[in-house]
Student: 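Please see the structure below; I have some questions.
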Amino acid sequence: MKTPTDQDAQFAREQLAGGCDRMEHLLRGLLDSRGRIAEEVHATRKLGKSLRGGFALFGLGKTSSPEIQAIGRLLSGPRDAVSRLSTWKKFAWDEDAAAAAAIAALLDQQTHSAARRPPPETVAWCVDRVIAARKNLEELSPESLAEQIAHGLRKLEKQVVKRCQNLDHSGKEDFHDARKALKAYLGALGFMPEGLVTLDPKLAELPELLGDENDLTTLSEWLESHGFTAELVPGLWTRLKARRNHLRNEVVHEIAQLFSQKDG
């Protein structure tokens with residue numbers, strides 16, 4: 001990483017403030033009856049994850065980031081429902097036709113039920129969260145910004161290394177934490193001037209692979225909580241476990257290759 005200048009820091013702050021403006025625009029758009037709610041919520045939550053990384057870059061991970069995180073959690077219902085249905089379709093399990101039909105029908109029903117726009121009062125509360133987060137950014141002293149983002153980026157990078165190198169094949173939270181750390185780091189880089197950090201393309205691909213693992217883990221939890229247990233549909237869980245282990249092995253392999261290249 002090149003040493004950030006005052007100009008680099010100011011650029012990053014302006015970009016992050018602009019991201020907050022986009023978040024406000026997306027939130028207000030959720031009240032518009034036109035468009036597709038699932039896609040709009042997905043775009044809003046995706047931007048929110050980048051903003052959280054950006055705020056961490058400026059040392060605002062304990063003040064502004066929770067404000068943005070609250071929005072993502074509030075809007076998680078519609079997106080999670082769509083994600084579960086999409087994951088199930090890709091999984092394509094039909095060994096037990098009756099169970100498969102029951103699962104697909106219930107996932108589809110919940111997806112349609114979740115596709116309702118939040119009430120205006122809820123959107124207004126979310127907008128207030130964005131305003132509060134941006135205010136913390138605006139109050140930072142310009143004299144220390146360059147030093148702050150250099151420190152913030154080093155901290156985010158160390159978190160990525162720590163989370164990725166300590167993956168436990170049996171620990172679902174480990175994979176989830178690694179994905180969060182990567183998204184925060186990549187989100188922060190998105191607000192930085194181009195060329196300030198040289199990013200390995202393979203690192204940028206890891207969140208998608210970790211996302212597939214997370215989607216499968218989330219689907220598994222939903223199946224368990226809705227009665228589709230290993231005792232009742234053993235074939236489903238055998239397939240789920242095999243697929244999840246395959247994905248985890250793939251993640252660990254990619255990370256091992258990535259860090260061996262860095263060490264070399």
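Values below: every heavy atom of this structure, side chains too, minus hydrogens, waters and symmetry copies.
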Student: Using 0.5 Å steps for rounding, measure from the CE atom of Met192 to the CG atom of Leu199.
Tutor: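 One finds 12.0 Å between CE of Met192 and CG of Leu199.
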Student: Checking Asp8 against Thr5: is there a side-chain donor and acceptor pair closer than 3.5 Å?
Tutor: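 Side-chain D/A pair, Thr5 to Asp8: present.
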Student: In Å, rounded to the nearest 0.5 Å, how long is the span from CD of Glu250 to NE2 of His253?
Tutor: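 These two atoms lie 8.5 Å from each other.
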Student: According to ring pair (Phe, Tyr, Trp, His ring centres under 6.0 Å), who are the partners of His226, at least two apart in sequence or on a separate chain?
Tutor: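 Ring pair (Phe, Tyr, Trp, His ring centres under 6.0 Å) check on His226 returns Trp222.
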Student: Is the shortest heavy-atom distance from the side chain of Arg117 to the side chain of Val41 under 4.5 Å?
Tutor: no
Student: Are the side chain of Asn214 and the backbone N or O of Leu210 linked by a donor-acceptor pair below 3.5 Å?
Tutor: no
Student: Are the side chains of Ile103 and Leu236 in contact, using a 4.5 Å heavy-atom criterion?
Tutor: yes
Student: Mark yes when over 12 heavy atoms from residues, nucleotides or ligands other than Gln15 sit less than 6.0 Å from its CD; otherwise mark no.
Tutor: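 Result for CD/Gln15: enclosed.
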Student: Could you tell me which residues satisfy salt bridge (Lys or Arg N to Asp or Glu O under 4.0 Å) with Arg244, sequence neighbours excluded, listed by chain and number?
Tutor: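 Arg244: no salt bridge (Lys or Arg N to Asp or Glu O under 4.0 Å) contacts found.
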Student: Please name the pair of heavy atoms, one in Ala104 and one in Leu85, separated by the smallest distance, quoted to 0.1 Å.
Tutor: O-CD1, 4.3 Å
Student: Please check if Leu153 and Phe11 belong to a single hydrophobic cluster, counting links between Ile, Leu, Val, Met, Phe, Trp and Tyr side chain heavy atoms closer than 4.5 Å.
Tutor: no
Student: Donor-acceptor pair, Ser225 side chain versus Glu221 backbone, under 3.5 Å?
Tutor: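 Flag set: sc Ser225 to bb Glu221 pair under 3.5 Å.
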Student: Are Asp215 and Leu219 packed together at the side-chain level, in the sense that at least one heavy-atom pair is separated by less than 4.5 angstrom?
Tutor: no
Student: Can you see which heavy atom on Pro118 is nearest to which on Leu75, and at what distance?
Tutor: CG-CD2, 4.4 Å
Student: Looking at CZ of Arg134 and CG of Leu51, how far apart are the two atoms once the value is rounded to the nearest 0.5 Å?
Tutor: 10.5 Å
Student: Is there side-chain contact between Cys126 and Val123, with heavy atoms separated by less than 4.5 Å?
Tutor: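 Counting from C-beta outward, Cys126 and Val123 never come under 4.5 Å.
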Student: Verify the neighbour count for atom CD of Glu138: are there more than 12 heavy atoms of other residues, nucleotides or ligands below 6.0 Å?
Tutor: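 For Glu138, atom CD is crowded (more than 12 foreign heavy atoms under 6.0 Å).
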Student: Looking only at non-hydrogen atoms, find the nearest pair between Gly53 and Ala188 and report the distance.
Tutor: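 For Gly53 and Ala188, the tightest heavy-atom pair comes out as O-CB, 3.4 Å.
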Student: Just wondering, do Arg129 and Ile68 contact through their side chains at under 4.5 Å, heavy atoms?
Tutor: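 Sidechains of Arg129 and Ile68: no contact.
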Student: Can you check whether Arg45 reaches Asp80 side chain to side chain, under 4.5 Å on heavy atoms?
Tutor: yes
Student: For a 4.5 angstrom cut-off between non-hydrogen side-chain atoms, does Glu205 reach Leu209?
Tutor: no
Student: How far apart are the C-alpha atoms of Glu95 and Arg239, what are their side-chain angles, what is the distance that settles it, and do they pass the salt bridge (Lys or Arg N to Asp or Glu O under 4.0 Å) test?
Tutor: CA-CA 10 Å; Glu95 179 183 316; Arg239 172 86 176 276; over 6 Å; no
Student: For Gln10 and Leu145, run side-chain contact (heavy atoms from CB on, under 4.5 Å): C-alpha distance rounded to whole Å, both residues' side-chain angles, the deciding distance at 0.1 Å, then the answer.
Tutor: CA-CA 7 Å; Gln10 185 57 35; Leu145 288 184; 4.1 Å; yes
Student: Enumerate the ring pair (Phe, Tyr, Trp, His ring centres under 6.0 Å) contacts for residues 48-102, please, sequence neighbours excluded, ordered by first and then second residue.
Tutor: none
Student: Rounded to the nearest 0.5 Å, what separation is found between the CD atom of Glu14 and the CG atom of Leu137?
Tutor: 10.5 Å
Student: Go through Leu106 and Gln110 one step at a time and tell me if the side-chain contact (heavy atoms from CB on, under 4.5 Å) criterion holds.
Tutor: CA-CA 6 Å; Leu106 185 56; Gln110 291 187 357; 4.0 Å; yes
Student: To the nearest 0.5 angstrom, please state how far the CD atom of Gln159 sits from the CZ atom of Arg154.
Tutor: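 If I round to the nearest 0.5 Å, the distance is 15.0 Å.
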Student: Could you go through the side-chain contact (heavy atoms from CB on, under 4.5 Å) check for Ser50 and Leu186 one step at a time?
Tutor: CA-CA 7 Å; Ser50 295; Leu186 296 173; over 6 Å; no
Student: Provide the closest heavy-atom pair for Ala133 versus Ser64 in the form atom of the first, atom of the second, distance.
Tutor: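 So the minimum-distance heavy-atom pair works out to O-OG, 2.8 Å.
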Student: With a 3.5 Å cut-off and no angle check, do the side chains of Thr217 and Glu213 form a donor-acceptor pair?
Tutor: yes
Student: Asp94 side chain to Ala97 main-chain N or O, any donor-acceptor pair under 3.5 Å?
Tutor: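 Pair absent, no side-chain N/O of Asp94 close to backbone of Ala97.
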Student: Where is the tightest heavy-atom contact between Leu232 and Gly227, given as atom of each residue plus distance?
Tutor: CD1-O, 3.4 Å
Student: Of all the heavy-atom pairs spanning Ala38 and Val82, show the shortest one and how long it is.
Tutor: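 Closest heavy-atom pair between Ala38 and Val82: CB-CG2, 3.7 Å.
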Student: Could you measure the distance from the CD atom of Glu67 to the SG atom of Cys20? Nearest 0.5 Å is fine.
Tutor: 10.5 Å
Student: Identify, with sequence neighbours excluded, every residue that meets side chain to side chain contact (heavy atoms under 4.5 Å, CB included) alongside Gln69.
Tutor: Arg52, Arg73
Student: Kindly indicate whether the side chain of Leu27, heavy atoms from C-beta on, has any atom under 4.5 Å from the side chain of Ile71.
Tutor: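 In contact.
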Student: Using salt bridge (Lys or Arg N to Asp or Glu O under 4.0 Å) as the criterion, list what pairs up with Arg13, not counting sequence neighbours.
Tutor: none
Student: Indicate, with yes or no, if Leu16 and Val197 share a hydrophobic cluster defined by side-chain heavy-atom contacts under 4.5 Å among Ile, Leu, Val, Met, Phe, Trp and Tyr.
Tutor: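 The answer is yes; both residues are in one hydrophobic cluster.
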Student: List for me each residue that meets side chain to side chain contact (heavy atoms under 4.5 Å, CB included) alongside Ser141, sequence neighbours excluded, and say none if there are none.
Tutor: Glu143, Ser144
Student: Does Thr87 reach the main-chain N or O of Ser83 with its side chain, forming a donor-acceptor pair under 3.5 Å?
Tutor: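 Yes; judged by distance alone, with no hydrogens or angles, the pair exists.
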Student: Using the rule given for side-chain contact (heavy atoms from CB on, under 4.5 Å), can you reason through Lys158 versus Lys162, listing the C-alpha separation, both sets of side-chain angles and the distance that settles it, and then say yes or no?
Tutor: CA-CA 6 Å; Lys158 285 181 181 179; Lys162 176 183 177 182; over 6 Å; no
Student: Within the side chain of Thr238, is there an N or O that forms a donor-acceptor pair under 3.5 Å with the backbone of Pro234?
Tutor: yes
Student: Does any N or O in the side chain of Trp125 come within less than 3.5 Å of the main-chain N or O of Pro120, such that one atom is a donor and the other an acceptor?
Tutor: no
